[in-house]
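Structure, as structure tokens:
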Amino acid sequence: MENKSRNYKIPFICSLGACLEYFDFALFIFLLDPLRIVFFPEKENDLGFFLILVIFSSGYLMRPSGGFFFGHFGDKFGRKRAFQLSVTLMAIASIIIAFLPSATVAGGIAPIFLFMVRMLQGFSVGGEIPGASVYASEFFSERRGLVIGLIFLGITWGNILAIGLIGFIRLFMTSSEFLAYGWRICFLVGGLVGFLAFQLRMRFSETPVFREFKANKLKIPAQVLFNKSWKDVISGFFSVGTTATSLFILVRLPEYLQDFIGVQFENIQVFSLFTFVVLGFGVVFFGFISDYISRKILMLVGSLLVILVSFFVLSFLDKGSSIGMVYLMTGILAFTLSIPNGVYACYILEKFPTLYRLSGLSICYNLGYAIFEGIFPLIITLVLTNNPSIVTVAYFISIPALLSFLSSFFSNDYSKRHLKF
């Protein structure tokens, strides 16, 4: 009875762990402006922002290598060890960022240091969400949609925690003080909570599904993955596109609304909290629903709705709206985006057998994020510089949504498959 009770805590501890690690990773995007000033003080605003965005994107470009490593590690040596290691590396990286010298102290080498540590963050997070998703789903195969929804709620709350911490620290500092050392406190706190996540995971045992197949483990899981399941890898990669792009868009949406249509927020942090709270609860709801409704159908319907709703909402807001209508419309958009966000990880991992399941999810997930949240933001920034329109943002949400729809349409549905295979 005690073991059963302990097992039921696993999804919640995985969710908390994902929250704490993604909190570390997400701090960077919410601190882009102070980081730009600290590490590129002599660059013009547009150039400096683009350069710091390149460093931000490097974390996503490192995620595939982290996915390969942690996927291989987890399929060979266990799910538990893989995501214990990932959270440790993330904590170390955050603490290093907190103590990096500024460009005024170290010159041109300062952004190089930041670039290297950001890549370590990207490598680390490459193993976090796939590892947590596979771990929890193998304990609760019959309710895997719900438990993975809880993990992705943790990711969303990681963003919320990052927004909240930044807003809280700003309450006690002037803008110059925050620029001098306040942002460093954020990363220091991030490192400390990363070690808390590690302590929580020390109590975990290995999944029963992995233990059952451990004797048959493969020498190089990724090699077998690409030989036997390459079509599922391609499908899984495109399934990630909508969610990866939408997270970047939601983070930058307040700035887009201010710059392009003149919306004035009394507090941007409150607006960002609102959108991520809506997204988080939507993710759990649709994860729960996916245990009863085909995940393929939810991916198809969700992708189409994302296209339609993004154009409707952003075109509507472009004509001018009250602040209340801005909240309503963005809430509708965030809830719509939660459909694929709540389903896609489970939809991908159930395509792959136990012997290379973590490799399969890790590679699809991290390649997708490298392209759609690593390279896409650079393209979005360049395009919006020359075509400053909020409606243009809808195209960048819709392109990956269309690719996700097509890949789901031509792939099989494994929603009812048990994970012991």
Side-chain angles (χ1 to χ4, degrees), residues 1-19 21-22 74-75 78-80 82-83 128-158 197 200-201 203-213 232 236 239-240 243 279-302 335 338-355 357-358 360-362 364-365 408 411-421:
M1 189 71 173
E2 184 180 349
N3 286 338
K4 187 175 181 181
S5 174
R6 187 181 303 155
N7 285 350
Y8 278 113
K9 296 177 183 177
I10 286 172
F12 299 99
I13 295 177
C14 284
S15 180
L16 179 59
C19 170
E21 177 153 359
Y22 216 84
D75 283 329
R79 320 312 197 191
K80 174 186 173 180
F83 74 174
E128 169 59 30
I129 304 309
S133 298
V134 170
Y135 186 89
S137 65
E138 288 184 349
F139 263 106
F140 298 95
S141 181
E142 302 301 324
R143 303 302 305 277
R144 55 184 180 264
L146 174 60
V147 298
I148 293 178
L150 289 171
I151 290 171
F152 277 77
L153 174 65
I155 296 174
T156 304
W157 280 96
L200 290 172
R201 292 175 183 187
R203 305 175 185 179
F204 284 2
S205 58
E206 191 51 77
T207 74
V209 174
F210 178 81
R211 288 199 302 266
E212 186 174 326
F213 285 82
D232 288 323
S239 298
V240 176
T243 58
L279 180 72
F281 285 107
V283 161
V284 176
F285 174 74
F286 288 109
F288 170 76
I289 292 296
S290 75
D291 285 327
Y292 303 94
I293 300 174
S294 163
R295 275 179 272 276
K296 176 176 177 175
I297 290 176
L298 286 172
M299 287 293 293
L300 291 170
V301 172
F335 189 73
S338 71
I339 303 174
N341 269 278
V343 176
Y344 80 100
C346 194
Y347 175 71
I348 295 170
L349 73 83
E350 58 197 10
K351 295 175 182 288
F352 305 111
T354 300
L355 293 177
R357 179 171 298 126
L358 185 50
L361 177 58
S362 294
C364 294
Y365 178 83
S408 299
S411 66
N412 295 322
D413 182 19
Y414 300 110
S415 298
K416 303 304 179 185
R417 174 188 276 180
H418 197 281
L419 293 183
K420 285 189 177 182
F421 74 99

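One is the number of the first residue; the rest follow in order along the sequence.
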Run the side-chain donor-acceptor check on residues 341-348: report pairs under 3.5 Å with partners two or more places apart or on a different chain.
unit_1, atom_1, unit_2, atom_2, d
Asn341, ND2, Leu337, O, 2.7
Tyr344, OH, Tyr369, OH, 3.4
Tyr347, OH, Ser411, OG, 2.5

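Every side-chain hydrogen bond (donor to acceptor under 3.5 Å, both in side chains) that Ser290 has, sequence neighbours left out, goes to Arg295. The ring pair (Phe, Tyr, Trp, His ring centres under 6.0 Å) test applied to Phe335 returns Phe286, not counting sequence neighbours. With sequence neighbours excluded, the residues forming a side chain to side chain contact (heavy atoms under 4.5 Å, CB included) with Asp413 are Ser294, Lys296, Ser415, listed by chain and number.
Between Leu355 and Asp75, every side-chain heavy-atom pair lies at or beyond the 4.5 Å cut-off. Between Leu358 and Tyr135 there is no side-chain heavy-atom pair separated by less than 4.5 Å.
To the nearest 0.5 Å, the span separating CD1 on Ile339 from CZ on Phe285 amounts to 9.0 Å.
Here the shortest heavy-atom pairing between Asp291 and Gly145 reads OD1-N, 2.8 Å.
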### Task
Give the intermediate values and the outcome of side-chain contact (heavy atoms from CB on, under 4.5 Å) for residues Phe281 and Ser338.
CA-CA 8 Å; Phe281 285 107; Ser338 71; over 6 Å; no
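Under the side-chain contact (heavy atoms from CB on, under 4.5 Å) rule, Ser137 has a single partner from Leu146, Ile148, Ile151, which is Ile148.
Checking side-chain atoms of Asp232 against main-chain N and O of Phe352 turns up no donor-acceptor pair under 3.5 Å.
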